[in-house]
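These notes are about the structure you will find just below.
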Protein chains: 2
Amino acid sequence: MNDSALTPERILAAAEEVLRRYGPGKATVVDVAQALGVSHGSVYRHFASKVALRDAVLRGWLERVMAPLDAIATSRTAPPARLRQWLTALRDIKRNKVLGEPELFATYSALAADAREVVGEHVEHLLGQIETIVAAGVKSGDFRKVDAQATALAIFDATSRFHYPGMAHLWNTPGEDAAFAQLLDLLLAGLTPTTAPPRRRKSAS
Amino acid sequence: MNDSALTPERILAAAEEVLRRYGPGKATVVDVAQALGVSHGSVYRHFASKVALRDAVLRGWLERVMAPLDAIATSRTAPPARLRQWLTALRDIKRNKVLGEPELFATYSALAADAREVVGEHVEHLLGQIETIVAAGVKSGDFRKVDAQATALAIFDATSRFHYPGMAHLWNTPGEDAAFAQLLDLLLAGLTPTTAPPRRRKSAS
DNA sequence: TGAATGACAGATTTCAATATCTGTCATTCA
DNA sequence: TGAATGACAGATATTGAAATCTGTCATTCA
């Protein structure tokens, strides 16, 4: 069954497959070992515990699935549009997962539910991206002179209704898109400078 | 054991007590009947089902516990301060319940979790109150000319991170108060008129 | 000699037998 | 005669014995 040496990568891939197939409640490390054609003891040479293995799978998934956000966060789009784009993308990623592959989403939500550490890092990463956009907006004059870090957190919190997995049960009710759009408008309005119109970084083409 | 006639009110009170004592997972209508010294069949004369009974208990609790909000929503405080006050009160009510009586909160959260109907009405009620305040602010010129209903929903959504029971696990982490204050600031900023300063309803005393 | 094994202890989960619960209704009670 | 009862059927929950799982480690293997 096994082709090459037993590496963390191969274990990770097998674990992911097993988790997909059986779900987080049923997947055992014996299953993973079996899928690799090795004894379950061997798995423990590469991962300290089942929790460590699950964490690693979750980490990989989060990285893969959230990749599009990195690109948006550092794009050259004007900050207001970029923030909209980024928040919309975050929402869409989760929403599409929920609606498109509910079981898979449930699986990863379950993993996330008892992986404080990993989720914490992930959230920090996202907050950093929002902060980048906000800071860019403040610098360009598109946004008020807010504390970028604190404001990033406020934005993240304000939108959690639309991206926190525990809220997923609300994501396919009618009016959902409109509600999100309204919230975005309100937040963007809250970032707009009150007095002078923002100076543009570049003249419009 | 029983003093007077069997009324819905007495059943409700007994049901509440039983729910408090045993929790929503253990409380049975047999328990409720026993507490009243009647057969469980009698309970069904007054409530069509266990679900109806649980709904009624939840409704009563929500009404009681959210009473302070009504007063704030219709007070004469200037809309911006009033909105802050109202949202803070909503948060404090839930937060104090979670931190002060976690088991009781868990009980009512569990009831709420499968009482879409009741919760829906409750949310509508809360939205109505926010709408009242927003509309007052628009009228007084303290707020931009927003759609009061849609904006009320946006405000409710934006703050759900701080009042939705599913988020309760975050409510006693450090920095929580600051995060809430930041969010409030951002939302209020989003409501502030961009151009002229708001005209006051009354001259300051 | 370093990687893999598999037997093992203690913890956790499964499963089916048993008990309890919900909701109904023919009967009793006052 | 209207309110209360309690036996009942089907659904749901509990329980504890048996099975499985996690993580370790002395041993085997190449």
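Scope of the values below: all heavy atoms of this structure, side chains included, with no hydrogens, waters or symmetry mates. Residue numbers start from 1 in every chain, and the chains themselves are labelled A, B, ... in the order their sequence lines are given, proteins ahead of strands.
- Atom-to-atom, CD1 of Ile11(B) to C1' of dA3(D) comes out at 12 Å; the value is rounded to the nearest Å.
- As a whole-Å value, the separation of His46(A) NE2 from dG23(D) P is 16 Å.
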Between N or O atoms, less than 3.5 Å apart, protein on one side and nucleotides 8-18 of chain C on the other: list the pairs.
unit_1: dT14(C); atom_1: OP1; unit_2: Lys26(A); atom_2: NZ; d: 3.1

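- Annotation: side chain to side chain contact (heavy atoms under 4.5 Å, CB included) contacts of Thr173(B) (sequence neighbours excluded): Glu176(B).
- Remark: P of dT22(D) and CD of Gln34(A) are 12 Å apart, rounded to the nearest angstrom.
- Which of dA3(D), dT22(D), dT5(C) sits closest to the side chain of Arg45(B) comes down to dA3(D).
- Legend: residues meeting side chain to side chain contact (heavy atoms under 4.5 Å, CB included) with Pro8(A), ordered by chain and number and at least two apart, are His46(A), Phe47(A).
- Judged by distance alone, the side chain of Arg82(A) and the main-chain N or O of Arg76(A) form no donor-acceptor pair under 3.5 Å.
- In this structure, Phe47(A) places its CZ atom 13 Å from P of dA4(C), rounding to the nearest Å.
- A distance of 10.0 Å separates CD in Glu121(B) from CG in Leu62(B), rounded to the nearest 0.5 Å.
- Classification of Asp177(A) and Arg91(A) as a salt-bridged pair holds, one side-chain N sitting under 4.0 Å from a carboxylate O.
- Side-chain proximity of Val38(B) to the nucleotides dG23(C), dA4(C), dT5(D) is greatest for dT5(D).
- Scored by the side chain to side chain donor-acceptor pair (under 3.5 Å) test, Thr74(B) finds no partners at all (sequence neighbours excluded).
- Residue Tyr22(A) contributes atom OH, which lies 14 Å from atom P of dT20(D) at whole-angstrom precision.
- Here the C1' atom of nucleotide dT5(C) and the CG atom of Leu36(A) are 15 Å apart, to the nearest Å.
- Nearest to the side-chain atoms of Thr28(A) among the listed nucleotides dT22(C), dA3(D), dC21(D) stands dC21(D).
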Got a list of side-chain donor-acceptor pairs under 3.5 Å for residues 110-119 of chain A, not counting sequence neighbours?
unit_1: Asp114(A); atom_1: OD1; unit_2: Arg54(A); atom_2: NH2; d: 3.4

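- In this structure, Val29(A) reaches the sugar-phosphate backbone alone: every heavy-atom distance under 4.0 Å involves primed, P, OP1 or OP2 atoms, never a base.
- The Ser39(A) side chain lies nearest to dT5(C) when the options are dT5(D), dT5(C), dT22(D).
- Using modelled atom types, no side-chain atom of Arg161(B) and backbone atom of Arg161(A) make a donor-acceptor pair closer than 3.5 Å.
- Not one side-chain nitrogen or oxygen of Ser42(A) sits closer than 4.0 Å to the OP1 or OP2 atom of dA4(C).
- Lys50(A) places its NZ atom 8 Å from the P atom of dG23(D), with the value rounded to the nearest Å.
- In DNA chain C, stems built from 3 or more consecutive Watson-Crick or G-U wobble pairs, each with both distances under 3.5 Å, span C:1-30 with D:1-30.
- Ion pairing of Arg59(A) with Glu63(A) is absent here, as no side-chain N (NZ or NE/NH1/NH2) approaches a carboxylate O to less than 4.0 Å.
- Here dT20(C) presents its P atom at 12 Å from CG of Asp31(B), a figure rounded to the nearest Å.
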